[in-house]
Amino acid sequence: MYYLSTRDKSLRCTAAQAIAQGLSRDGGLLTPAVLPRLSQNALEDMKEMSYQQRAVYVMGSYLEDFTASELSGFAAKAYGTFDTPEVAPLRPVDGNTYCLELWHGPTCAFKDMALQMLPYLLSASLEKNAEKKTACILVATSGDTGKAALEGFKDVDKTRILVFYPRDGVSQIQKLQMTTQEGGNVGVCAVEGNFDDAQTGVKRIFSDEALREKLAERGFFLSSANSINWGRVLPQIVYYISAYSELRRTGAVEKGAAVNVCVPTGNFGNILAAYYARQMGVPIARLICASNSNNVLTDFLQTGAYNRNRPFYTTMSPSMDILISSNLERLLFDLSGQDSQAVAGYMQSLAEEGRYTVSPLVGRKLRELFAAGFCDDAGTQRMISSMWREREYLIDPHTAVAFDVLKQYREQSGDQAPAVVVSTASPYKFCDSVLGALGVTELAQGVDMIEQMEQLTGVAAPRPLADLKKKTPRFQDSVTKEQLVEQVMKMLN
């Protein structure tokens with residue numbers, strides 16, 4: 001199994017090399033040359049497996065330079081930290097709607113599903129590549145990735161991890177999670193601007209040849225824990241396959257029956273993993289892409305024209321406050337028949353003009369596969385309120401966006417097929433927004449909001465969030481996007 005650059009498919013590497021590098025040297029995203037297929041019988045076999053066993057089964061077909069024994073050990077450690085034995089439980093919401101809860105890990109967000117696994121994959125990859133230098137892992141975050149990466153890589157040997165987040169673009173709880181992070185190999189810094197500013201600055205560092213040479217002289221090489229790294233996307237494919245296995249195990253769907261999947265997404269990695277699961281053979285009919293007011297993906301999937309030249313909104317669902325969806329590049333590579341020249345052209349147009357339009361063939365494929373919609377903050381609040389009032393189910397703003405978009409899709413299309421809604425974070429990561437949606441007008445300050453919401457709802461907060469009140473912030477730095485290189489060198493001493 002080889003991995004190709006989306007911008008030059010003649011560049012190829014092994015799985016271990018792809019995971020260690022994170023990003024191709026030409027700025028492209030490393031992507032499997034072939035997607036393995038799962039038969040319906042294989043899906044049936046997975047019904048009675050644990051989540052860890054399903055992870056080994058799925059990931060093994062992509063990671064030929066890793067043994068089953070290695071992957072079993074990684075899965076046991078990675079998912080042994082979750083607060084439920086199901087790891088990613090599938091909760092029935094009504095007769096044909098199910099919520100896939102992906103926030104039962106140590107940082108209470110779906111990023112744990114991949115970022116508890118990635119450190120083991122990366123450490124093993126460094127050994128397989130006989131790498132002597134220390135991996136300097138750079139992360140741009142819109143909130144959840146940063147904390148999950150920090151927790152996953154905390155004190156991991158031969159790694160340093162540096163996280164950059166938009167200063168005013170994360171919730172109070174998310175900021176506290178990052179700035180109080182423990183570990184001797186971690187660094188956290190705010191960026192003046194939005195997530196796209198942080199992400200663009202980090203990606204620019206990866207393509208800076210002079211900086212890479214300077215870091216190599218000091219014993220470092222660059223890698224990534226963002227979803228541009230294949231080691232992030234691969235573990236996410238597992239939970240879609242696992243969700244279908246759960247539907248079959250409980251008899252909720254017949255063998256081979258198709259379901260729809262509704263995913264709140266900003267950087268496109270989460271729904272891309274659902275697309276890959278579909279391509280592997282999971283019976284997914286429609287991939288429903290849910291956006292907030294930053295609805296660049298909604299417009300793109302409906303028209304084939306991507307245009308980031310639009311207002312940027314800071315919303316109550318900050319992980320989707322993104323106008324440059326990096327992982328879309330992998331989808332375009334696949335839908336174009338691995339036409340890396342075309343993909344490179346799209347990405348060049350995006351960098352220079354802020355927009356591009358895909359070919360009519362790719363546009364038609366997008367419309368056949370995807371439905372798309374968006375939900376503003378007012379709609380998000382209404383959905384949080386109605387889910388609590390009518391079902392006593394407490395959800396975070398990102399999950400609320402997905403439920404709202406699914407409702408829109410069903411009303412407009414008449415498609416009432418069984419649907420899995422992806423729940424990406426604990427509501428306690430966004431106490432201010434959730435409390436406001438439930439009608440609270442006088443909010444407590446900082447972590448005291450956690451106790452306020454517990455008292456209001458009777459729903460216990462996850463322990464890692466409740467424990468934040470015992471911690472003191474360690475990181476206070478803030479820089480402009482132009483100062484990122486200087487800050488990286490400073491943090492590496």
Could you walk me through whether N185 and T159 pass side-chain hydrogen bond (donor to acceptor under 3.5 Å, both in side chains), step by step? CA-CA 7 Å; N185 65 334; T159 68; 3.1 Å; yes

Side-chain heavy-atom pair [X], [Y] within 4.5 angstrom cut-off:
X    : Y    : answer
E329 : F268 : no
Y275 : Y240 : no
R25  : L11  : no
S340 : L4   : no
V479 : E486 : no
L328 : Y346 : no
V358 : L366 : yes
K147 : Y165 : no

Can you tell me if Q348 and E352 form a side-chain donor-acceptor pair at under 3.5 Å? yes

[X] atom [atom1]: more than 12 heavy-atom contacts under 6.0 Å:
X    : atom1 : value
K203 : NZ    : yes
Q40  : CD    : yes
Y2   : OH    : no

To check you understand the geometry: which heavy-atom pair defines the closest contact between [X] and [Y], and what is its length?
X    : Y    : answer
S326 : I228 : CB-CG2, 4.1 Å
P283 : L43  : CD-CD1, 4.0 Å
S325 : Y306 : N-OH, 3.0 Å
K47  : S245 : CG-O, 3.9 Å
W103 : S423 : NE1-OG, 3.0 Å
V156 : P119 : CG2-CB, 4.2 Å

Mark yes or no: K481 above the aromatic ring of F164, with NZ or CZ under 6.0 Å from the six-membered ring centre and no more than 45 degrees from the axis. no

Distance check, rounded to the nearest 0.5 Å: C289 atom SG versus F370 atom CZ? 7.5 Å

Can you tell me how far the SG atom of C189 sits from the CG atom of L484, to the nearest 0.5 Å? 7.0 Å

For D467 and R463, run salt bridge (Lys or Arg N to Asp or Glu O under 4.0 Å): C-alpha distance rounded to whole Å, both residues' side-chain angles, the deciding distance at 0.1 Å, then the answer. CA-CA 6 Å; D467 286 346; R463 180 54 49 197; 3.5 Å; yes

S223 and side-chain contact (heavy atoms from CB on, under 4.5 Å): which partner among T134, L23, L122? L122

Pairwise ring pair (Phe, Tyr, Trp, His ring centres under 6.0 Å) hits with a residue in residues 111-133, at least two apart: F74-Y120

Charged N to carboxylate O below 4.0 Å: is that the case for E151 and K111? no

Step-by-step salt bridge (Lys or Arg N to Asp or Glu O under 4.0 Å) determination, R212 to E209: CA-CA 5 Å; R212 203 156 54 228; E209 194 69 44; 2.6 Å; yes

Could you go through R54 and E246, starting from their C-alpha distance and side-chain angles, then the distance that decides it, and tell me whether this counts as salt bridge (Lys or Arg N to Asp or Glu O under 4.0 Å)? CA-CA 11 Å; R54 291 168 184 165; E246 283 300 298; 2.9 Å; yes

Taking side-chain hydrogen bond (donor to acceptor under 3.5 Å, both in side chains) as the criterion, tell me which of D83, T81, T84 meets it with H104. D83

Worked check of side-chain hydrogen bond (donor to acceptor under 3.5 Å, both in side chains) between D321 and N294: CA-CA 6 Å; D321 290 349; N294 295 295; 3.1 Å; yes

